[in-house]
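Below is one structure, written out as structure tokens; comments come after it.
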Amino acid sequence: MASILDRVTSKVQQQERLTRDDALELFAVDDAIRLGRLADQVKRARWSDRAHFVINRQINPSNICVLSCRFCDFAAKRGRANAYEMTIQEVLERCNVELREVHIVGGLHPDWKWEYYLEMFRAIQANFPQIQIKAWTAVEIDYFSKKFRLSVEEVLRQFQEVGLVALPGGGAEVFSERVRKALFPFKIGAPRWLEIHRIAHKVGLPTNSTLLYGHMETHEERVDHMLKLRELQDDTRGFTPPRGAGFMSFIPLAYQPGKTQVVARQPSALEDLKTIAIARLLLDNIPHIKAYWVTMGEESASVALHFGADDIDGTIGEERIMHAADAASPVSLTRDHLVELIRESGCTPVERDALYHTIQVYNDHAYCENSVPQ
Ligand code: V47
């Protein structure tokens, strides 16, 4: 009988979709190198040897959060020594003229007013018109909608008016009620997360998607999570022609255990690479698979560019969520460092904006603009 890798190879050649069982069997294969090569072929058919990155900055305006999720080391209660809140001026101080994207997410703050959130974006737009704002997870959008008694559509519409161009993929964790009850019982679950992304796609906001893995979830739960994303993407992609507003990317987030004692250590590099490869093969309708260097580490992220990933996020500037959980990676990387990292892995660095439009292709030491197929 043909092996799972033979069967999946033939499905890939025939452009046939992988099933739940295929993905589960792939998690069990020993030949991770062959799995990676197959995912790399699929990635290359779409993106050639290109690897995307963005000059960006993460800003977490506050870690004060009404929730206390068991897996999270970032959130704090007001009055605790590590609790902080930024003024709009402090948010602006983290922006500069080099940036293409700001990625803004934070705790569910108990008292900030709706106007504060809108004013933050207005100030960024007024001072740095070249910056695209990608902000607020579905968890935050749900919170704003309930707290300020606005529909989700209205929350998104008002943010779009002041510059929001995309939603990040956070807050999805893993779409499993079993895990939710154990690790984040008061946070929205899969149906609401998916509903909010569906609405975002409908109003023309592209979004990202994530999976938090390497804690107590099973491979079945990982695969079911990815399949729910694939299903939503089938439904909503193309809501807004010509580009369509669906998921732009999928980002597997390797869990950093920090002080939570949920697990003793983060997933192995092999587990990270297999998850990237299976995502590339299973998520045939999500264009970008991101190897997030902050959680994977630079070393695994550069290998992941040969296991199906075509993106490594960006310069980041200041990362607080994973570093609150003692992530070993740096908090920031320079553009030159990212370009070198990608080149050393044998790929062509492609600088992009928040919506994956090409800014520069770094061919050897020269570059040409806008030459990557979208
Ligand atoms: O939702 C929290 C995760 C997410 C830990 O959309 C942790 O481009 C690992 O979503 N170890 C927020 N993960 C980060 C996020 C993200 C990051 C980069 C790019 C994009 C994008 C989105 O981080 C949370 C949660 O799933 N998280 N704590 C931890 N200790």
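Order of listing sets the numbers, starting from 1, for every ligand and every atom in it. Only heavy atoms go into these numbers, but all of them, side chains included; no hydrogens, no water, no symmetry mates.
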- Does the N or O separation between C72 and ligand 1 drop below 3.5 Å for any pair? no
- Message: To the nearest 0.5 Å, what is the distance between OG on S302 and CD on E340?
- Response: 12.0 Å
- Going by distance only, is there an N or O of T210 that falls short of 3.5 Å from an N or O of ligand 1? no
- Item | Atom indices of ligand 1 within 4.0 angstrom of D313 heavy atoms, with elements | 19 (C)
- Taking the non-hydrogen atoms of A254, is any one of them nearer than 4.0 angstrom to ligand 1? yes
- Q266 touching ligand 1 at heavy-atom level, < 4.0 angstrom: no
- Query: With the threshold set at 4.0 Å, does a side-chain nitrogen-carboxylate oxygen contact exist between R17 and D22?
  - Reply: no
- Message: Suppose I only count heavy atoms of A325 and a 4.0 Å limit; which atoms of ligand 1 are within that range?
- Response: 30 (N)
- Query: Which atoms of ligand 1 sit under 4.0 Å from any heavy atom of L253?
  - Reply: 3 (C), 4 (C), 10 (O), 15 (C), 23 (O), 26 (O)
- Query: Is any side-chain N of the basic residue among E221 and R178 closer than 4.0 Å to the acidic one's carboxylate O?
  - Reply: yes
- Task: Taking only Lys NZ, Arg NE, NH1 and NH2, and the carboxylate oxygens of Asp or Glu, determine whether E85 and R78 approach each other closer than 4.0 Å.
- Result: yes
- among protein heavy atoms, the one nearest atom 1 (O) of ligand 1 is G171 N, 2.7 Å
- Item | Any side-chain donor near an acceptor of the partner, D272 and Y213, under 3.5 Å | yes
- Look at atom 12 (C) of ligand 1 and say which protein heavy atom is nearest, naming residue and atom and giving the distance to 0.1 Å. I321 CD1, 4.1 Å
- Message: So, regarding Y255 and ligand 1 (criterion: nitrogen or oxygen to nitrogen or oxygen, under 3.5 Å), is there a contact or not?
- Response: no
- Task: For atom 11 (N) of ligand 1, find the nearest protein heavy atom and state the residue, atom name and distance (0.1 Å precision).
- Result: Q256 N, 2.9 Å
- Message: Give me the nearest non-hydrogen protein atom to atom 5 (C) of ligand 1 as residue plus atom name, then the distance to 0.1 Å.
- Response: M322 SD, 3.9 Å
- Message: Under a 4.0 angstrom heavy-atom cut-off, which atoms of ligand 1 come close to P168?
- Response: 6 (O)
- Identify the protein heavy atom lying closest to atom 24 (C) of ligand 1, giving its residue, its atom name and the separation to 0.1 Å. E173 OE1, 3.8 Å
- When only distance counts, is K134 in polar contact with ligand 1, meaning an N/O pair under 3.5 Å? yes
- Query: Going by heavy atoms, is I251 under 4.0 Å from ligand 1?
  - Reply: yes
- Will you find, in the side chains of T236 and H201, an N or O donor that is under 3.5 Å from an N or O acceptor? yes
- Message: Which residue and atom name correspond to the protein heavy atom nearest atom 6 (O) of ligand 1, and how close is it?
- Response: G169 N, 2.8 Å
- Residue pair L338 / F53: nearest heavy atoms and the distance that separates them: CD1-CD1, 3.8 Å
- Give the ring-plane orientation class for F159 versus W136, where under 30° counts as parallel, over 60° as perpendicular and anything between as tilted. tilted
- Message: Tell me whether ligand 1 is touched by Y292 - counting only heavy atoms on the residue side and a distance under 4.0 Å.
- Response: yes
- Backbone, side chain, both or neither: what part of V139 comes under 4.0 angstrom of ligand 1, heavy atoms only? neither
- Item | R157 with E153: basic N within carboxylate O range, under 4.0 Å | no
- Hey, any chance I141 and Y143 share a hydrophobic cluster, counting ILVMFWY side chains that come within less than 4.5 Å of each other, even indirectly? yes
- Can you sort out which atoms of ligand 1 are near F71, meaning under 4.0 Å from one of its heavy atoms? 2 (C), 28 (N)
- Of the protein's non-hydrogen atoms, which lies at the shortest distance from atom 22 (C) of ligand 1, and what is that distance? H103 CE1, 3.5 Å
- Looking only at non-hydrogen atoms, find the nearest pair between L270 and A32 and report the distance. CD1-CB, 3.8 Å
- Task: Check whether more than 12 heavy atoms from other residues, nucleotides or ligands sit under 6.0 Å from atom CD of Q130, and answer yes or no.
- Result: yes
- Query: Taking everything shown except E115 itself, do over 12 heavy atoms lie less than 6.0 Å from its CD?
  - Reply: yes
- Message: Pairs of nitrogen or oxygen atoms closer than 3.5 Å, one from K290 and one from ligand 1: do any exist?
- Response: yes
- So, are R280 and D40 salt-bridged, with charged N and O less than 4.0 Å apart? no
- Message: Show the atoms of ligand 1 that are less than 4.0 angstrom away from any heavy atom in G170.
- Response: 1 (O), 10 (O)
